Visitor: 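Next up is a structure, given as structure tokens.
Chain letters run A, B, ... following the sequence lines, proteins first and then strands; every chain starts at 1. Because the structure is predicted, anything quoted here is derived from the model rather than measured.
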Number of protein chains: 2
Amino acid sequence: MVIVKQARHPGPEEMTLVAVMGALSDPIRVGLVRVLADGRERGWGELRAPVAKSTLSHHLRVLRDAGLTRTRQEGTRCFVELRREDLNARFPGLLEAVLEVARGDDVGAHVGVADDSNRT
Amino acid sequence: MVIVKQARHPGPEEMTLVAVMGALSDPIRVGLVRVLADGRERGWGELRAPVAKSTLSHHLRVLRDAGLTRTRQEGTRCFVELRREDLNARFPGLLEAVLEVARGDDVGAHVGVADDSNRT
DNA sequence: TAGCTTGTTCGATGTTTTACGAACAACGAA
DNA sequence: TTCGTTGTTCGTAAAACATCGAACAAGCTA
């Protein structure tokens, strides 16, 4: 029996505006959200940010705790995705507005994904 | 000649998403924005928040520095207003989305205005 | 089993934020 | 000029945050 201790994710009702705004008040985290904005689930190790991995882990935790992302564990690795549906239901229009500006201003420019040469 | 040292306000181009999100990641500041959301300019002394006046001054400064509000000085007193136009131009949809949630969740509930008995 | 990979957690450090009261500066009123 | 009012700034303290490297746990792989 495989018990993979999944991290806790807040339900929509548990999400707070202040926590979400706080999560998005750091350029690296905004960059991560931008990367995930295409709706694709990304492997943790695929994510690239100019910080140590422990720090990246921290940022992903802040995003998860605020309800912005969902982290799934599979074996020894993790996959992250944006909780777009939940966010739109709980905070209508907010995510789109933020992404729009983030793209325009290129916020979190140094965050990206590895150019994974093993798929298309 | 009256030179009232006006505080510096960032122009729309100087406003950053991260600063705005940071400014809105505190319930008192969200409360202040809510109070100002009706478009009326408010006297500083009219504002009520459960913090010392030096702390309120600090919060108003954070909002001003982020570009959310404009502070005008007249004689010995100040008036604050929301920079709705500028915000909508710079961050389309953001303010409305935030206000919508803030109202629904009653964020910053302890912030308000004095019940000014000298009008209506 | 032994070792490798992957991501989290721990401990330390330096910075930023929030908060308060006291001191201050600017202005208007007496 | 001497007060009172109004809001900012200063000094300080506590908490939160970002960051790192080291240690760790869990799961594959050899």
Visitor: With B:Glu100, which residues qualify under salt bridge (Lys or Arg N to Asp or Glu O under 4.0 Å), at least two apart?
Guide: none
Visitor: What is the distance, rounded to the nearest whole Å, between atom CD of A:Glu46 and atom C1' of C:dG7?
Guide: 15 Å
Visitor: Over how many whole Å does the gap from A:Arg48 atom CZ to C:dG7 atom P extend?
Guide: 10 Å
Visitor: Within the pair B:Arg61 and D:dG7, is there a side-chain N or O less than 4.0 Å away from OP1 or OP2?
Guide: no
Visitor: Side chain to side chain donor-acceptor pair (under 3.5 Å) with B:Asn88: which residues, sequence neighbours excluded?
Guide: none
Visitor: Taking the minimum atom-to-atom distance to the side chain of A:Thr76, which one of C:dG7, D:dA26, C:dA26 wins?
Guide: D:dA26
Visitor: Check whether any side-chain nitrogen or oxygen of B:Ser57 sits under 4.0 Å from OP1 or OP2 of D:dT8, and answer yes or no.
Guide: yes
Visitor: Would you kindly give the CZ-to-P distance between B:Arg42 and D:dG7, to the nearest whole Å?
Guide: 14 Å
Visitor: Kindly check if the number of other-residue, nucleotide or ligand heavy atoms within 6.0 Å of CD (A:Glu13) is above 12?
Guide: yes
Visitor: For A:Asp26, check salt bridge (Lys or Arg N to Asp or Glu O under 4.0 Å) against everything at least two apart and list the hits.
Guide: none
Visitor: When the distance from CG of A:Leu63 to P of C:dT8 is rounded to whole Å, what number comes out?
Guide: 12 Å
Visitor: Any side-chain heavy-atom pair from A:Leu60 and A:Leu47 closer than 4.5 angstrom?
Guide: yes
Visitor: How would you summarise protein contacts on nucleotides 16-21 of chain D per nucleotide, using B for base, S for sugar-phosphate only and - for none, with heavy-atom distances below 4.0 Å?
Guide: --SBBB
Visitor: Take atom CG of B:Leu47 and atom P of D:dT8, then tell me their distance rounded to the nearest Å.
Guide: 11 Å
Visitor: Between B:Leu60 (CG) and D:dT6 (P), how many Å, whole number?
Guide: 16 Å
Visitor: Sequence neighbours excluded, which residues qualify as side chain to side chain contact (heavy atoms under 4.5 Å, CB included) partners of B:Ser25?
Guide: A:Met21, B:Arg29
Visitor: Can you measure B:Gln73 atom CD to C:dA25 atom P for me and round it to whole angstrom units?
Guide: 15 Å
Visitor: For the pair made of CZ in B:Phe79 and C1' in C:dC27, what is the distance, rounded to whole Å?
Guide: 13 Å
Visitor: Just to verify, what does B:Thr16 make a side chain to side chain contact (heavy atoms under 4.5 Å, CB included) with, not counting sequence neighbours?
Guide: B:Val18, B:Ala19
